[in-house]
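Working notes, structure below.
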Amino acid sequence: MAAAAASIPVVAIDGPTASGKGTVAQRVARALGFYCLDSGALYRIVGLLALERGLDLDNGPALAALAAGMQPSFEDGRVLLEGRDITDAIRREEVGRAASRVAAVGPLRVALLALQRQQRRPPGLVADGRDMGTVVFPDARLKVYLQADLHVRAERRLKQLIEKGYSANLTDLLRTLRDRDQRDETRDCAPLVAAEDAKVLDSSALTVDEVVARVLKWYRGD
Ligand code: DC
C-alpha cells in the first residue's frame, strides 16, 4: 500500500447480514465527514450481473473478469452501473443469495480488493462488510464487529422490506439469514469473523443512535 494511503484513517465495521452495519457506517461517516464504502453492494452487483448473464455462481475466472471490468458509482445513496440505476435491484433477496454464493469465490474476492482500497481517500473512510478489518483494511484505525441476535436481525429486515413495499415473512427470513450466516462464516476465503483487535458490539438491545455514539466514542478515543 502507498505510504500516503496508509495515513488515511479507516473505520472498519464488519458483521453478519442485517446487523445494522450499513446504517451505522453511513451515520458514522457523516459525523466524521468521511467517505463510506458499502462493500456488500459490490458483491451484490456481481451477483446481479451473474444472474442476468446466466453465469455459474462459482465460476472464478468469469466472475473475476466481470468484477475487474465494472465501474459502479455511488451517488446520493443510489448505485449506478453504466448509466443504469440498480439501487433497488441489488437489494432483492435472490440477489443477496447470489451475492453470498459469489462471495465464497476466491478469485472474485481478489479482483474486488483494488476497487475497495481505491475508496480510501482523504479525509477518511468508513467501510462496512465482512472482511474490512481482517483482509481489506487490516491497518484500520478502528475495527468494530457489530452483531445482533438472529431474531432481532430478521425482524429488522422484515420491517425494511415491508417499508419498501416488498412482501416477506419472518419464517423465510429467519431461514435465509441463518443460511447466509452459515455460508459467510464457514467459507474458506475471508470468512466472516471478528478481527483479533476488533471491538465487538451487540446491537440487539441498542438503538441506531446508541450504536453510532459508541463507535464515535471509540474512534475519538474516549
Ligand atoms: O452486507 P450484504 O448483505 O449487502 O452483503 C451481501 C453478501 O456479500 C453477503 O452474503 C456476504 C458478502 N460480503 C462479503 O463476503 N464480504 C464483504 N466485505 C461484504 C459482503
Side-chain angles (χ1 to χ4, degrees), residues 10-26 36-51 57-58 60 63-64 66-67 70 72 74 77-79 81 86-120 125-138 140 143-148 150 152-154 156-158 160-161 164 166 168 173-195 198 203:
V10 174
V11 177
I13 304 182
D14 290 304
T17 296
S19 57
K21 38 182 209 319
T23 311
V24 170
Q26 281 175 14
C36 194
L37 166 67
D38 167 11
S39 62
L42 299 177
Y43 290 91
R44 287 173 179 270
I45 294 170
V46 174
L48 173 69
L49 294 180
L51 289 177
L57 298 179
D58 56 3
L63 295 173
L66 196 67
M70 69 186 202
F74 300 88
R78 311 301 298 173
V79 184
L81 189 74
I86 54 169
T87 317
D88 297 328
I90 62 167
R91 294 292 146 205
R92 293 201 315 258
E93 278 305 305
E94 54 159 338
V95 174
R97 274 196 297 276
S100 174
R101 292 208 24 217
V102 299
V105 177
L108 170 66
R109 301 198 72 87
V110 173
L112 285 178
L113 272 179
L115 204 55
Q116 295 173 88
R117 290 183 176 148
Q118 278 162 18
Q119 308 302 316
R120 187 174 195 169
L125 179 71
V126 181
D128 87 76
R130 305 294 189 288
D131 60 345
M132 298 297 100
T134 49
V135 177
V136 183
F137 302 110
K143 300 178 186 180
V144 178
Y145 187 84
L146 194 59
Q147 58 191 22
L150 179 71
V152 173
R153 289 189 282 129
R156 286 179 185 161
R157 179 54 58 88
L158 182 68
Q160 263 175 9
L161 289 170
K164 285 184 187 158
Y166 294 111
L173 277 173
L174 276 169
R175 196 178 44 237
T176 308
L177 290 188
R178 202 178 287 121
D179 286 354
R180 195 160 324 154
D181 283 356
Q182 219 238 343
R183 207 163 25 232
D184 292 347
E185 284 163 7
T186 57
R187 67 180 178 224
D188 293 336
C189 191
L192 171 64
V193 61
S203 76

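As the structure lists them, so they are numbered: ligands from 1, and atoms in each ligand from 1.
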Nearest atoms (heavy-atom pairs only) where A111 meets A64 = CB-O, 3.8 Å
So which heavy atom on V46 is nearest to which on L63, and how close?
-> CG1-CD2, 4.0 Å
Enumerate the atoms of ligand 1 whose separation from the nearest heavy atom of S100 is less than 4.0 angstrom.
-> 10 (O)
Taking it one step at a time, do R153 and L173 satisfy side chain to side chain contact (heavy atoms under 4.5 Å, CB included)?
-> CA-CA 9 Å; R153 289 189 282 129; L173 277 173; over 6 Å; no
Out of A12, P16, A98, S39, indicate the one that has the non-hydrogen atom closest to atom 19 (C) of ligand 1.
-> S39
Give the C-alpha distance, both sets of side-chain angles, the deciding distance and a yes or no for side-chain hydrogen bond (donor to acceptor under 3.5 Å, both in side chains) between R44 and S100.
-> CA-CA 8 Å; R44 287 173 179 270; S100 174; over 6 Å; no
Stepwise salt bridge (charged side-chain N to carboxylate O under 4.0 Å, His left out) check, R91 with D38 = CA-CA 12 Å; R91 294 292 146 205; D38 167 11; 2.9 Å; yes
For D184, counting its heavy atoms only, list the atoms of ligand 1 lying under 4.0 Å from any of them.
-> 9 (C), 10 (O), 11 (C)
N/O to N/O below 3.5 Å, does that happen between Y43 and ligand 1?
-> no
Which atoms of ligand 1 sit under 4.0 Å from any heavy atom of R44?
-> 2 (P), 3 (O), 4 (O), 6 (C)
Do any N/O atoms on R157 end up under 3.5 angstrom from N/O atoms on ligand 1?
-> no
Run the numbers for me: atoms of ligand 1, each under 4.0 Å from some heavy atom of M132, listed by number.
-> 18 (N)
Any heavy atom of R187 under 4.0 Å from ligand 1? The part involved is side chain
Are K164 and D88 within salt-bridge range, i.e. N to O under 4.0 Å?
-> no
Could you tell me the residue and atom name of the protein heavy atom closest to atom 20 (C) of ligand 1, and the distance to it rounded to 0.1 Å?
-> G40 CA, 3.5 Å
Trace of the side chain to side chain contact (heavy atoms under 4.5 Å, CB included) decision for L150 with D181 | CA-CA 9 Å; L150 179 71; D181 283 356; 4.0 Å; yes
Report the part of D14 (side chain from C-beta onward, or backbone N, CA, C, O) that has a heavy atom under 4.0 Å from ligand 1; answer both or neither where that applies.
-> neither
Measure the distance from atom 16 (N) of ligand 1 to every protein heavy atom, then report the residue, atom name and distance (to 0.1 Å) of the closest one.
-> R109 NH2, 3.0 Å
Got a second to check how far M70's CE is from L112's CG, nearest 0.5 Å?
-> 5.5 Å
Mark up the atoms of ligand 1 that fall under 4.0 Å of a heavy atom belonging to K21, in ascending order.
-> 1 (O)
Go through ligand 1 atom by atom and flag the ones less than 4.0 Å from a non-hydrogen atom of A103.
-> 12 (C), 15 (O)
Who's closest to atom 1 (O) of ligand 1 heavy-atom-wise, of R130, R91, R180, R101?
-> R130
Which atoms form the tightest heavy-atom contact between R183 and R97, and what is the distance?
-> NH2-O, 3.9 Å
Are E185 and R130 close enough for a salt bridge, meaning some N to O gap below 4.0 Å?
-> no
Short N or O distance, D131 and ligand 1, threshold 3.5 Å exclusive | yes
What atoms of ligand 1 come within less than 4.0 Å of a heavy atom belonging to G129?
-> 18 (N), 19 (C)
Minimum-distance protein heavy atom relative to atom 7 (C) of ligand 1 = A99 CB, 3.8 Å
Rounded to the nearest 0.5 angstrom, the CD-CG distance for Q116 and L37 is 6.0 Å
